[in-house]
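Below is one structure, written out as structure tokens, with a few remarks after it.
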Amino acid sequence: MKVIESITGMKQARWGLSGPVGLVPTMGYLHEGHISLVRRAKKENPSVVVSIFVNPTQFGPKEDFKKYPRDLPRDLALLEQAGTDVVFIPPDAEMYPSDYNTWVDMEKITGRLEGAARPGHFRGVATVCNKLFNIVEPAKAYFGQKDAQQVLVIQKMVKELNMNLEIVVCPIIREPDGLAMSSRNTYLKPDERQAATVLYRSLQLAQKLYDDGERDAGKIRRQMTALIQKEPLAHIEYISIADAANLEEQDKIVTPALVSMVVKIGLPRLLDNIILK
Ligand code: AMP
């Protein structure tokens with residue numbers, strides 16, 4: 001496994017790789033969710049590149065960029081084990097030199113949910129993904145359904161800017177008690193970690209209500225809210241039931257519908273979702 005810490009180094013190494021490349025963009029502090037993407041990429045491509053880059057431009061001024069968890073030696077051991085060919089760790093100053101000027105700004109889809117809660121977030125995400133795609137030139141790039149809106153944003157960018165790669169979406173990997181794996185789960189204290197199971201329980205409740213024939217999105221949202229409010233450490237930021245293709249909120253559920261939520265427990269904003277089919 002090669003570890004490359006410059007853009008020119010990555011471009012050179014790219015031409016030494018055999019066949020089409022699968023790219024897995026990450027911010028590091030890896031867990032089984034990330035590794036599931038690497039395994040899928042490994043299955044579908046002769047060569048796999050994983051990027052580790054805590055992208056400063058997708059963090060708001062009051063967010064956790066500086067504190068974001070990092071553990072490079074552990075990440076490298078996990079990636080080696082998973083059969084990664086190249087780990088690309090670009091320096092901030094090469095990705096964004098002081099006179100940096102070029103951005104991918106998307107409308108509509110970035111104005112809702114996470115885009116509304118975190119102004120500028122998706123501008124940073126779309127821009128860094130565009131840069132990584134240009135540097136690595138993958139045939140396929142792998143993203144987790146955990147960040148459902150991110151997947152829609154990247155798919156739309158690739159389509160609308162006529163980029164030559166396929167976006168592969170992989171299922172959410174969960175802890176045994178249902179909590180979606182996330183690098184930020186490390187911020188949770190033991191009682192908060194326990195409380196965090198309420199997200200998945202509320203999504204399962206939504207699925208059950210839907211399976212039992214409920215189609216009124218407002219009623220489902222109210223029952224989810226009531227369940228989460230029983231957990232004193234949990235603070236709901238939003239619960240959305242929206243068209244899975246364009247994220248427009250629904251009153252009557254038409255499938256596929258994305259039920260997504262952010263609940264703050266202690267420090268982190270925890271994200272989770274399911275798709276009702
Ligand atoms: P991050 O390092 O948080 O930027 O995540 C890198 C990639 O891993 C993104 O495409 C995420 O959606 C994906 N990912 C993060 N957590 C999970 C999870 N629990 N299951 C599946 N994919 C995940």
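Order of appearance sets the numbers: ligands from 1, and atoms from 1 within every ligand.
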What's the shortest distance from [atom] to any protein heavy atom, and which residue and atom give it?
atom                    : value
atom 22 (N) of ligand 1 : Gly144 CA, 3.5 Å
atom 12 (O) of ligand 1 : Asp147 OD2, 2.6 Å
atom 5 (O) of ligand 1  : His34 NE2, 3.4 Å
atom 20 (N) of ligand 1 : Ile173 N, 2.8 Å
atom 6 (C) of ligand 1  : Pro25 O, 3.4 Å

Note: [X]-[Y] ion pair, threshold 4.0 Å (strictly below):
X      : Y      : answer
Arg14  : Glu137 : no
Arg269 : Glu114 : yes
Arg222 : Asp216 : no
Lys108 : Glu248 : no

**Message:** With a heavy-atom distance limit of 4.0 Å, tell me whether Pro171 approaches ligand 1 through its side chain, its backbone, both, or neither.
**Reply:**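 Near ligand 1, Pro171 shows its backbone, while the atoms from C-beta on stay back.
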**Asked** Is ligand 1 under 4.0 Å from a heavy atom in the side chain of Leu37, in the backbone, in both, or in neither?
**Response**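 The part of Leu37 near ligand 1 is the side chain, not the backbone.
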**In one Ile/Leu/Val/Met/Phe/Trp/Tyr side-chain cluster, 4.5 Å: Val169, Phe133** =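 Per the 4.5 Å side-chain linkage, Val169 and Phe133 are co-clustered.
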Looking only at distances, can you tell me whether any N or O atom of [X], backbone or side chain, sits closer than 3.5 Å to an N or O atom of ligand 1?
X      : value
Cys170 : no
Lys146 : no
Ser183 : no
Met27  : yes

**Prompt:** With a 4.5 Å limit on heavy-atom distance, are the side chains of Arg74 and Leu78 in contact?
**Reply:**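 SC-SC contact between Arg74 and Leu78 confirmed.
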**Request:** State whether the number of non-hydrogen atoms from other residues, nucleotides or ligands found under 6.0 Å of Gln81 atom CD is greater than 12.
**Result:**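 No, CD of Gln81 has 12 or fewer neighbouring heavy atoms, counting only those of other groups under 6.0 Å.
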**Message:** For Lys42, is the NZ atom crowded, meaning more than 12 foreign heavy atoms sit under 6.0 Å from it?
**Reply:**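 Yes, the 6.0 Å shell around NZ holds more than 12 heavy atoms from other groups.
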Hey, which atoms in ligand 1 end up nearer than 4.0 Å to a heavy atom of [X]?
X      : answer
Met181 : 16 (N), 17 (C), 18 (C), 19 (N)
Thr26  : 2 (O), 6 (C)
Phe143 : 10 (O)
Ile172 : 20 (N), 21 (C)

**Asked** Between the candidates Tyr142, Tyr68, Tyr29, which shows the shortest non-hydrogen contact distance to atom 3 (O) of ligand 1?
**Response**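 Result: the heavy atom closest to atom 3 (O) of ligand 1 is in Tyr68.
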**Request:** Only counting residues at least two apart or in another chain, list the ones meeting ring pair (Phe, Tyr, Trp, His ring centres under 6.0 Å) with Tyr100.
**Result:**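 So Tyr100 forms a ring pair (Phe, Tyr, Trp, His ring centres under 6.0 Å) with Tyr96, Trp103.
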**Asked** Looking at Tyr29, is Arg70 sitting on its ring face, NZ or CZ under 6.0 Å from the six-membered ring centre and within 45 degrees of the normal?
**Response**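 Geometry flag: not set, cation outside 6.0 Å or 45°.
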**Message:** Between Ser182 and Leu271, is the side chain to side chain contact (heavy atoms under 4.5 Å, CB included) condition met? List the steps.
**Reply:** CA-CA 9 Å; Ser182 163; Leu271 266 81; over 6 Å; no
**Asked** Closer than 4.0 angstrom: is that true for some heavy atom of His31 and an atom of ligand 1?
**Response**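 Heavy atoms of His31 do come under 4.0 Å of ligand 1.
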